[in-house]
Amino acid sequence: MTEHAASPRRGDTPAAHAPGPQTTVETMTGAQSLIRSLEAVGADTVFGIPGGAILPAYDPLMDSTKVRHILVRHEQGAGHAATGYAQATGRVGVCMATSGPGATNLVTPIADAYMDSVPIVAITGQVASKAIGTDAFQEADICGITMPITKHNFLVTDAAEIPRVIAEAFHIAATGRPGPVLVDIAKDALQSTTVFRWPVETSLPGYRPVTKPHAKQIREAAKLLVSAKKPVLYVGGGVLKAQASAELRILAELTGAPVVTTLMAIGVFPDSHPQHLGMPGMHGSVPAVTALQKADLLFTLGARFDDRVTGKLDSFAPYAKVVHADIDPAEIGKNRPADVPIVGDAREVLADLIVAVQAEYDAGHRSDYADWWTKLNDWKKTYPLGYEPAPAGELSPQQVIERIGQLVGPEAIYAAGVGQHQMWASQFIAFEKPATWLNSGGAGTMGYAVPAAMGAKAGMPDTPVWAIDGDGCFQMTNQELVTCALNNIPIKVAVINNGSLGMVRQWQTLFYNQRYSNTVLHAGPDHDGKEPPAQGTRIPDFVLLSEAMGCVGLRCERPEDLDAVIKQAMEINDRPVVIDFIVHQDAMVWPMVAAGTSNDEILAARDVRPDFGDDLD
Ligand SMILES: Cc1ncc(C[n+]2csc(CCOP(=O)(O)OP(=O)(O)O)c2C)c(N)n1
């Protein structure tokens, strides 16, 4: 296994990435300096595709014994792979592309990483500095294009700047609120002769993320928590990124408060924990959504009041005071005013809160959440997550996903695409550990699963990695299975094949009078989508396609074969495995809060409106 000790982590300073006390000063090309800089910051894996402008960098890359380059089939795959690597390992993911179309193919994964605060560094070649602005061959202003979707970006035209820029890029990506950083390097800077110096002096005068929370705010927050009657710990992806699951658990158990974890935070608090109410939001659990609606205190940690969580904002959590802790001050008060704002790293915030809450208890200040738990337990009991069984003889998608989770277990990493299968995976796989659930939450990028799983597996070769994908998503990025097959990255892919763009079809069923405009995947335009397409019309045939890409392709159509096929896939570790699960096409994701409506309108299932009584309102 690869040793990653030197890789930058959240909270490191650039100096901490330096290899040792010895200073290196060597004459070399800008391209060599780039590779040496990547080695020095501890980057061990780069996903990319060469081309004219970046070509000088690929030459010394060939000689590096520390940096493994994985040749992907599409730059989008490189970007999502870098994201999956970062989400699974906690280290900065790296992708590389040439100028123009190579760089623009990275735009979607960069936007995706930005929305989900994932630390990646994208390195792109640029046309020679004199040609910039002339519409030169393969010129695109990738810094301009990615300005609003990167945490920061750099255009390098002087080779001497390369080590400093790389050190700063990794530092910015990994610290504070993590995010993508782009480094665009002109071809002549890569080709010219320069002096590589390491360690390097960085200069980021305007960048000093506040990690240590203010003591007074912590005391105020603790006071609210110990005096609330109906608090909820509303936990977002920031807690996961801060690697603060241990501290979260201590605070939760110290206070006895209920916990909800957003789609981006799944795994940071064990699903099996009795204080866990599940996920809030559009497809959240009834207890989680309702607890926020009825709460008198939202204790918000590293979450951002996303519209998929709040539903109609002005009716969200109408009775609640708000404590909002976030590393990014711009998030606080953005969507919902905070009574107690706290700026800081979630781990430090939680550590200080534990002490402050204990001090309140020691002073005799403690309120009783017993009545609250009576209600919460009642909702948990009355409205558990569940699903209707499929018609006899057919596979239900939820059952397939649930069974994968049960047989593969909570030690594995699961990467989902976007759609119904993503929601079912979030609902029916029991997540017990942080960094085992990878998904595109903010951007909702179809095609994320296969390359993200590839990146995760490249970073965590000893951990089983499953992609749970939709048949629509799979058709966007499955070519990265070739990359997996050729580079010994044996991921498993479960295609939840319902023959349609299921999530969109669900909205057509509910809101467009069952007019299935352009959501049927396995049949042409004459098919109205109300009946499944006739057998034998599998275009493409995912089993054949997977075999053609060097994978083992399996198909499962009957419930009685489900366990055997999952076990068969689990036993194959020398190649990627794809299982085409043919599931019935009319399953829907429940619970659901329809877009734009209030969370109070939540439906537990079709036409099933929970009755909470009015006593708590
Ligand atoms: C790149 C991109 N294009 C379009 C969409 C809109 N969209 C959201 S879910 C979905 C359907 C996904 O279908 P599939 O992968 O088969 O998953 P299912 O919902 O059937 O589980 C679509 C088209 C999107 N999220 N991302």
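In listed order, ligands and their atoms are each counted from 1. Quick note: residue numbers are just sequence positions, from 1. Only heavy atoms go into these numbers, but all of them, side chains included; no hydrogens, no water, no symmetry mates. All values reported here derive from a predicted model rather than from experimental measurement.
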Exercise answer: donor-acceptor pairs, residues 423-430 side-chain atoms, under 3.5 Å, sequence neighbours excluded:
residue: Ser426; atom: OG; partner: Met423; partner atom: O; Å: 2.7
residue: Gln427; atom: NE2; partner: His283; partner atom: O; Å: 3.1
residue: Gln427; atom: NE2; partner: Trp590; partner atom: O; Å: 3.2

Using distance alone, with no hydrogens and no angle criterion, decide if Gln138 and Thr98 have a side-chain donor and acceptor under 3.5 Å apart. no
Side chains of Gln126 and Asp184: any donor to acceptor distance under 3.5 Å? yes
Heavy-atom count around Glu547 CD within 6.0 Å, excluding the residue itself: above 12? yes
Classify the side-chain pair Arg403/Gln406 by whether it contains a donor and acceptor separated by less than 3.5 Å. yes
Under a 3.5 Å threshold, I'd like every N/O contact between ligand 1 and protein atoms, with atom names and distance.
residue: ligand 1; atom: 15 (O); partner: Gly472; partner atom: N; Å: 3.3
residue: ligand 1; atom: 15 (O); partner: Cys473; partner atom: N; Å: 2.7
residue: ligand 1; atom: 16 (O); partner: Asp471; partner atom: N; Å: 3.4
residue: ligand 1; atom: 16 (O); partner: Asp471; partner atom: OD1; Å: 3.0
residue: ligand 1; atom: 16 (O); partner: Gly472; partner atom: N; Å: 2.8
residue: ligand 1; atom: 16 (O); partner: Ser500; partner atom: O; Å: 3.0
residue: ligand 1; atom: 17 (O); partner: His421; partner atom: ND1; Å: 3.2
residue: ligand 1; atom: 19 (O); partner: Gln420; partner atom: N; Å: 2.8
residue: ligand 1; atom: 19 (O); partner: Gly502; partner atom: N; Å: 3.4
residue: ligand 1; atom: 19 (O); partner: Met503; partner atom: N; Å: 2.8
residue: ligand 1; atom: 20 (O); partner: Asn498; partner atom: OD1; Å: 3.3
residue: ligand 1; atom: 20 (O); partner: Asn498; partner atom: ND2; Å: 3.0
residue: ligand 1; atom: 20 (O); partner: Ser500; partner atom: O; Å: 3.3
residue: ligand 1; atom: 20 (O); partner: Gly502; partner atom: N; Å: 2.7
residue: ligand 1; atom: 21 (O); partner: Gln420; partner atom: N; Å: 3.3
residue: ligand 1; atom: 21 (O); partner: His421; partner atom: N; Å: 3.0
residue: ligand 1; atom: 21 (O); partner: His421; partner atom: ND1; Å: 2.7
residue: ligand 1; atom: 25 (N); partner: Gly444; partner atom: O; Å: 2.8
residue: ligand 1; atom: 26 (N); partner: Gly444; partner atom: O; Å: 3.4
residue: ligand 1; atom: 26 (N); partner: Met446; partner atom: N; Å: 3.4

Once you measure the plane-to-plane angle for Phe154 and His152, does it fall in the parallel (<30°), tilted (30-60°) or perpendicular (>60°) bin? perpendicular
